[in-house]
There are 2 protein chains.
Amino acid sequence: MLLSKAMIRLTQARKKIIEIILKTASPISAEEIIRLLPVNKTTVYRQLHALTYAGLINEVDLADRKKRYEMSDLTHHHHLVCLKCQKVEDINLDDHLFSQEKKIEKDKQFKISKHNLEFFGYCLNCQ
Amino acid sequence: MLLSKAMIRLTQARKKIIEIILKTASPISAEEIIRLLPVNKTTVYRQLHALTYAGLINEVDLADRKKRYEMSDLTHHHHLVCLKCQKVEDINLDDHLFSQEKKIEKDKQFKISKHNLEFFGYCLNCQ
DNA sequence: ATAATTGCAAACACTTTGCACATGT
DNA sequence: ACATGTGCAAAGTGTTTGCAATTAT
C-alpha cells in the first residue's frame, strides 16, 4: 500500500478505514464506516479527508446529502443508483464523455478537470 | 403560469419564489433565495418541495451539500461548475446518454428514470 | 368557513473544530 | 522526543418538523 509523503504513519484507525473501503464493492459513506468500526467519528471524517487529499480514495457524490468514498485506483467509471434500496453499482461505459469534454473546453473556454455521471432508477429487485 | 392541482393558491411567497427562480439563469440554492426574499426560510424550503412535487421546478445536485433549483420547463441539459467561483453554466450536448441508458437497462436489468451529468473545472475568469 | 400557507423555535442529519491526551517512528 | 493522530464535547451547515396564527378562495 503506497502512502504519499503527506501521510506517513500507518495507524490502526487509518488501516481499518482503508480495509473497509477496499473490501466494500460500492462507494461507502462516513456513517457506514463509523457504524462498522470502533473508531471515533471525528477520526473517520478526518481520515477520509486525509486519504482523499493523499489521492488514495475518491469522494463520490450521489445526490443525497452524504459523501461516499471508494478506492481511487479504479478505472474511470460511473454509478447506477437504486432510488428504492439505495444500492450503488459501478458501471463502465465506452466513454464518449472525454471527447465531449474537449469540445466543451473549446466552445465554452472552460477548463474541465473532471465529470460526474450517475444514473438513477430501480434495480432488478426493486422494480 | 400553470399550477398543477396539487398547488392551487398563488400566494405572495410562492409567487416571489417562482419569480426568483425564473429570473435566475443558473440553478439557485434555498439559501440564496432566503437571502433575497423577506420570506421565512421554512416557507422557502416548503415551497421548494411543493414546487418540485408539482413538477414546476427541478432539484439539481452539484456535489456540494446544498440542493439547487431551476425551472423544469427547460430542455434537458447538464451543468458546468466552476470549482473556484462556483458559477454554474447550463450546457447542451448531443446526448448519447439516452441510447447508453437503453443499453444499460438491457445489460444490467436496471430501470433508469433519470441521469445527472456535471462537469467540474475552471471558467475563463478563474483559470 | 375552512383548508392551505406561514413564521417561529426547536430538532435533525451530517460534518467540522478546539483542545488535551495518546501513539508511531 | 516530537510530530502526528485520536477522542470527546461543542459548534456549524443545511434542512425539516410541530404548532399556533394567518391568509386565499
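Quick note on labels: first sequence line is chain A, next is B, and so on, each numbered from 1.
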Between [N] atom [atom2] and [X] atom [atom1], what is the distance in whole Å?
| X | N | atom1 | atom2 | value |
| --- | --- | --- | --- | --- |
| A:Y53 | D:dG5 | OH | P | 13 Å |
| A:R14 | D:dG7 | CZ | P | 12 Å |
| B:D61 | C:dC14 | CG | P | 15 Å |
| A:N40 | D:dA9 | CG | C1' | 10 Å |
| B:K15 | D:dT25 | NZ | P | 10 Å |
| B:L10 | D:dT25 | CG | P | 7 Å |
| A:E32 | C:dT15 | CD | P | 11 Å |
| B:Q47 | D:dT16 | CD | C1' | 15 Å |

Below 3.5 Å is the cut-off: list the nitrogen or oxygen pairs between protein and nucleotides 13-15 of chain D, distance only.
residue: D:dG14; atom: OP1; partner: B:K66; partner atom: NZ; Å: 3.2
residue: D:dT15; atom: OP1; partner: B:K67; partner atom: N; Å: 3.0
residue: D:dT15; atom: OP2; partner: B:Y45; partner atom: OH; Å: 2.7
residue: D:dT15; atom: O4; partner: B:K41; partner atom: NZ; Å: 3.4

So is B:K111 actually on top of A:Y122's ring, under 6.0 Å and inside 45° of the axis?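 Pair B:K111/A:Y122 does not count as cation-pi.
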
Steps toward salt bridge (charged side-chain N to carboxylate O under 4.0 Å, His left out) verdict (B:E31, B:R35): CA-CA 6 Å; B:E31 196 209 351; B:R35 202 183 319 125; 3.7 Å; yes

Base D:dT4 to side chain A:R9, donor-acceptor N/O within 3.5 Å cut-off: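 Donor-acceptor pair under 3.5 Å: yes.
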
Pairwise side-chain contact, [X] with [Y], heavy-atom cut-off 4.5 Å (strictly under):
| X | Y | result |
| --- | --- | --- |
| A:K67 | B:R65 | yes |
| B:I21 | B:I33 | yes |
| B:H77 | B:E89 | no |

For the atom pair [atom1] ([X]) and [atom2] ([Y]), what is the distance rounded to the nearest 0.5 Å?
| X | Y | atom1 | atom2 | answer |
| --- | --- | --- | --- | --- |
| B:I28 | B:R68 | CD1 | CZ | 9.5 Å |
| B:N40 | B:R46 | CG | CZ | 8.0 Å |
| B:N116 | A:H79 | CG | NE2 | 13.5 Å |

Answer yes or no: does a side-chain N or O of A:T11 lie under 4.0 Å from OP1 or OP2 of D:dT6?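 Looking at the OP1 and OP2 atoms of D:dT6, one of them is under 4.0 Å from a side-chain N or O of A:T11.
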
Under 3.5 Å, is there a donor-acceptor pair between the A:Q100 and B:H96 side chains?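 Yes, side-chain donor-acceptor contact under 3.5 Å.
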
Between the protein and nucleotides 17-19 of chain D, which nitrogen or oxygen pairs come in under 3.5 angstrom?
residue: D:dT17; atom: O4; partner: B:T42; partner atom: OG1; Å: 3.2

